[in-house]
*Asks:* 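Before we start, here is the structure in question, set down as structure tokens.
Just so it is clear, the model here is predicted, and its values are computed rather than measured.
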Amino acid sequence: MEDEFRDLAPLDPSASEARWERMVAGISAAAAPELGRRAALPEPGLLVLLAGYVRPAVSAAALLAAAASAVLIASGGPAAAVDAERPSQAQVAAGLGYPAPVAGWLDPRETPSTGEMLAAMQGGGR
């Protein structure tokens, strides 16, 4: 790497107006065929633009699904983790500050009677 200063004055476009115009004309002439071809093409719609992202998005989704499957298989599945940490119905009712009979209401197989509901709501069940 060189530490000495390089003179960049020859690259200054304002130094020679005629040279600058020749350079712009040369670039425009070289780009004219491609610019004409692009102008003749119809403008792509939104679906055409989004279609370019389908393949990478599907690949990323497949990779994430494979990684998630590997983690679930290694941990014993989602049900094992949920069942090990699930509190009982009595713990839920006590944690929410409800009376003890309300814990039985959380069980869908047990329907409380009207009297039990009134007693618990009026404070008689505590």
Side-chain angles (χ1 to χ4, degrees):
M1 191 167 157
E2 299 177 11
D3 291 334
E4 63 188 56
F5 178 73
R6 297 283 181 171
D7 185 22
L8 301 177
L11 300 176
D12 185 16
S14 62
S16 171
E17 188 72 31
R19 180 176 162 265
W20 177 258
E21 292 300 326
R22 281 193 316 271
M23 187 173 59
V24 169
I27 293 171
S28 297
E34 178 62 19
L35 292 175
R37 185 189 70 81
R38 288 185 184 189
L41 293 175
E43 188 172 323
L46 181 62
L47 290 178
V48 173
L49 293 175
L50 290 177
Y53 292 100
V54 169
R55 191 171 187 179
V58 169
S59 299
L63 182 65
L64 288 174
S69 299
V71 169
L72 287 176
I73 290 170
S75 69
V82 172
D83 288 340
E85 299 176 3
R86 181 174 290 165
S88 69
Q89 294 170 349
Q91 291 172 333
V92 171
L96 293 174
Y98 290 116
V102 175
W105 300 353
L106 296 176
D107 186 5
R109 295 171 297 204
E110 183 180 323
T111 305
S113 69
T114 307
E116 290 174 338
M117 289 174 56
L118 285 174
M121 295 305 231
Q122 292 175 353
R126 285 190 184 201

*Asks:* Sorted by first residue and then second, give each side chain to side chain donor-acceptor pair (under 3.5 Å) pair with at least one member in residues 52-71; sequence neighbours left out.
*Replies:*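 For residues 52-71, and leaving out neighbouring residues, there are no side chain to side chain donor-acceptor pair (under 3.5 Å) pairs at all.
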*Asks:* How close do P10 and D7 get, heavy atom to heavy atom, and via which atoms?
*Replies:*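 In terms of heavy atoms, the two residues are closest at CD-O, 3.7 Å.
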*Asks:* How about CG on L11, more than 12 heavy atoms from neighbouring residues, nucleotides or ligands closer than 6.0 Å, or not?
*Replies:*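 Counting other residues, nucleotides and ligands, CG of L11 exceeds 12 neighbours.
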*Asks:* To the nearest 0.5 Å, tell me how far R22 CZ sits from S16 OG.
*Replies:*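 Going from CZ on R22 over to OG on S16, the span is 6.0 Å.
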